[in-house]
Amino acid sequence: MTLQNTEIADRFEELADLLEIEGANPFRVRAYRNAAQLVRGQTRAMADRIEAGEDLTELPGIGDDLADKIAEMVAKGDLELLQEVRGRTPPALVEIMHLKGLGPKRVKALHEALDVDSLEDLRQAAEAGRIRELEGFGEKTEASILRHIEQRQGEEKRTGLARAEALAAPLVEALGAVEGVEQVEIAGSYRRCKETVGDIDILVRAAADSPVMQAFVGFEAVAEVVSQGDTRSTVILRSGLQVDLRRVDTAAFGAALVYFTGSRAHNIAIRRIANGKGYKINEYGVFEDDERIAGETEAGVYGTIDLAWIPPELRENRGEVDAAREGRLPELVTLDDIRGDLHCHTDATDGRHGLAEMAEAAAGRGYDYLAITDHSRRVSMANGLDPERLARQIDAIDALNDELDGITLLKGIEVDILEDGSLDLPDAILERLDLRVCAVHYGQDRSREQQTTRILKAMDNPLFNILAHPTGRLLNKRGPYPLDLQAVLEGAAERGCFVELNANPNRLDLDDDGCMQARELGLKVPVSTDAHQAGHLDFMRFGINQARRGWLEAADVLNTLSLKDLVSALAR
DNA sequence: GCCGTTTTCGGCCCGACTGTTTTCAGTCG
């Protein structure tokens, strides 16, 4: 049993968390965290690299020890050190440490002084008022712990699309290779490209005598078989993700794909139309009386009720059915429409690669331009740029542009919007840039009014071009800060500035609703990766997924413009 | 635990904020 990259990364992360609670050398902890991040970001499986005889220590941050540990996980599917650490430090403490306001030191104190080994222990200790008695804790901390436990329990556990993709890909590949399988498609919210998915629904087109079900439940990443039948099985992967597999005949494949892609609201809407025409739609086809009149393809199913085929990203019953009937479905933006990226970092701040490497990576993706937007000084932890360092970077970009062919680096900054709505760097240096991406990183706990006012005030500065990750949310980690997004979008439209769709799969901020709001205002949306290393430029596709869910066409996306048109669009 | 060559040890991003204190530890980003 070998582990996938995601699973290797998960184990390194858990190890880092547990060691941190134990008070291990913080740099050792960081080494494990770095390794987790690195492995998670690799497109090729560690197992493949090892099989090919590659030297893993050539990866940055991987030395002999970590290479051995990766090899151990690939070979044995397990990591002895992690088992050892779990034996002496309860794994549930990791969950506790992820509560806001609790870090390794406090978790250790809670564990040692109050025997807290689980969230439930913690809740009881807080309710009994025992936490406030501890040194370094007080009433406010105790109340905040209780509040965060409750918030957490209300949350539905969903998996980010990027992670779901990484977990599903090997399964899809394996199923495709099974005898008798003609086609494999992932349906459900995954196919609709929702930012997170609850589970994964896979459809295979195969004859009844295909051994696909046995292959599915026997897949190496399966931890538990929940149910197994001839046409449907459900398993839980080791990662905790639930996967349903359905086997469908060719004649019903399109109907099943529509049915299992959903959304539920979309399906109800199209079934209602079918009823009006005297038809019945189910997962086996479109039926007139008992005769199947469509079912093999999706287009055929939609066609029977006089609808154009609807892209899965739109199937949310948000107007797509009417649009399909009236022939005014949007021509959704695609990755090929993108001409450049307007937000990325370099090793001058918290990125991994230098200007030249980023330029090369962008050129390799066929882009015409890439904006370099490192952090400003306020973000000290990322080694943000002060005016002097930014001036040096400006000169370096000018020099590099003279050498580059086919790609232009734009001089930019991700400048912090300070608490009072001013920008973190003086206008004199900001004026020398091609564009300014402006962001809130600190002071996210302001009221809705304060936060909205702060951002609108920042936009009053004519040097303000693009608001980065507008709500600050981190999927599954942190909700959006309170903000009147409609007012911010209107403010941007009035002033000639823009609001970003951050394509990082943990952000995807704007969300799909925000994109729709922007589109109604005629406000072009920049889709930007916020890349912190060259490979992150590939996050673009997650941003495009989200933009498509928000009904955006190429003309609605700022970075589909040519360099010349982009420059005029940015001018205020 | 990784890295580098003024290396085989000693450094590795650090300032703001919160809640706890009454000068600061812990957490966050």
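The basis for the numbers below is simple: all heavy atoms, side chains too, and nothing from hydrogens, waters or symmetry mates.
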So which nucleotide from [options] ends up closest to the side chain of [X]?
X: Pro104(A); options: dC17(B), dT27(B), dG1(B); result: dT27(B)
X: Ser380(A); options: dC14(B), dG1(B), dG26(B); result: dC14(B)
X: Ala31(A); options: dG29(B), dG1(B), dG19(B); result: dG1(B)
X: Arg106(A); options: dG19(B), dT27(B), dG1(B); result: dT27(B)

Value in whole Å for how far the [atom2] atom of [N] lies from [atom1] of [X]:
X: Glu419(A); N: dG29(B); atom1: CD; atom2: P; answer: 14 Å
X: Leu19(A); N: dG1(B); atom1: CG; atom2: P; answer: 8 Å
X: Leu15(A); N: dG1(B); atom1: CG; atom2: P; answer: 9 Å
X: Arg352(A); N: dC12(B); atom1: CZ; atom2: P; answer: 19 Å
X: Arg28(A); N: dC3(B); atom1: CZ; atom2: P; answer: 16 Å
X: Leu474(A); N: dC28(B); atom1: CG; atom2: P; answer: 13 Å
X: Asp64(A); N: dC3(B); atom1: CG; atom2: C1'; answer: 12 Å
X: Leu56(A); N: dC2(B); atom1: CG; atom2: P; answer: 12 Å

Residue pair Arg365(A), Asp538(A): steps toward the salt bridge (Lys or Arg N to Asp or Glu O under 4.0 Å) verdict: CA-CA 9 Å; Arg365(A) 285 157 180 81; Asp538(A) 291 331; 2.8 Å; yes
Between CD on residue Glu95(A) and CD on residue Glu14(A), distance to nearest 0.5 Å: 11.0 Å
Leu342(A), Val499(A), Val525(A) screened by side-chain contact (heavy atoms from CB on, under 4.5 Å) with Ile466(A), the one that passes: Leu342(A)
Candidates Gln393(A), Glu414(A), Lys411(A) - the one meeting side-chain contact (heavy atoms from CB on, under 4.5 Å) with Ile372(A):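 In the set Gln393(A), Glu414(A), Lys411(A), the residue that makes a side-chain contact (heavy atoms from CB on, under 4.5 Å) with Ile372(A) is Gln393(A).
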Closest-nucleotide ordering on DNA chain B, the 5'-leading residue of Ala382(A) and Leu66(A):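 That would be Leu66(A).
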Glu135(A) or Gly103(A), whichever maps to the more 5' nucleotide of DNA chain B: Glu135(A)
Between [X] and [N], is there a contact of a side-chain N or O with OP1 or OP2 at under 4.0 Å?
X: Lys69(A); N: dG1(B); value: yes
X: Thr141(A); N: dT20(B); value: yes
X: Tyr32(A); N: dG1(B); value: yes

Qualifying residue for side-chain hydrogen bond (donor to acceptor under 3.5 Å, both in side chains) with Asp530(A), from Thr373(A), Asn504(A), Asn502(A), Asn506(A):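 Exactly one pass, corresponding to Asn502(A).
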In whole Å, measure the gap between the [atom1] atoms of [N] and [M] for me.
N: dC12(B); M: dT18(B); atom1: P; answer: 28 Å
N: dG26(B); M: dT20(B); atom1: P; answer: 14 Å
N: dG15(B); M: dT8(B); atom1: C1'; answer: 33 Å
N: dT23(B); M: dC28(B); atom1: P; answer: 26 Å
N: dG11(B); M: dC17(B); atom1: C1'; answer: 28 Å

Base paired to dT8(B) (Watson-Crick or G-U; both N/O distances under 3.5 angstrom): none
For [X], answer base if it contacts any base atom (sugar-phosphate contacts may also be present), sugar-phosphate if it contacts only those atoms, and nothing otherwise; contact means non-hydrogen atoms under 4.0 Å.
X: Gln444(A); result: nothing
X: Glu20(A); result: nothing
X: Pro26(A); result: nothing

Derivation of the side chain to side chain contact (heavy atoms under 4.5 Å, CB included) call for Thr346(A) and His353(A): CA-CA 5 Å; Thr346(A) 73; His353(A) 295 120; over 6 Å; no
Pair of N/O donor and acceptor under 3.5 Å linking dG1(B) base with Asn25(A) side chain: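 Check passes, donor-acceptor contact within cut-off.
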Test log, rule side chain to side chain contact (heavy atoms under 4.5 Å, CB included), inputs Val437(A) and Ile413(A): CA-CA 6 Å; Val437(A) 175; Ile413(A) 185 82; over 6 Å; no
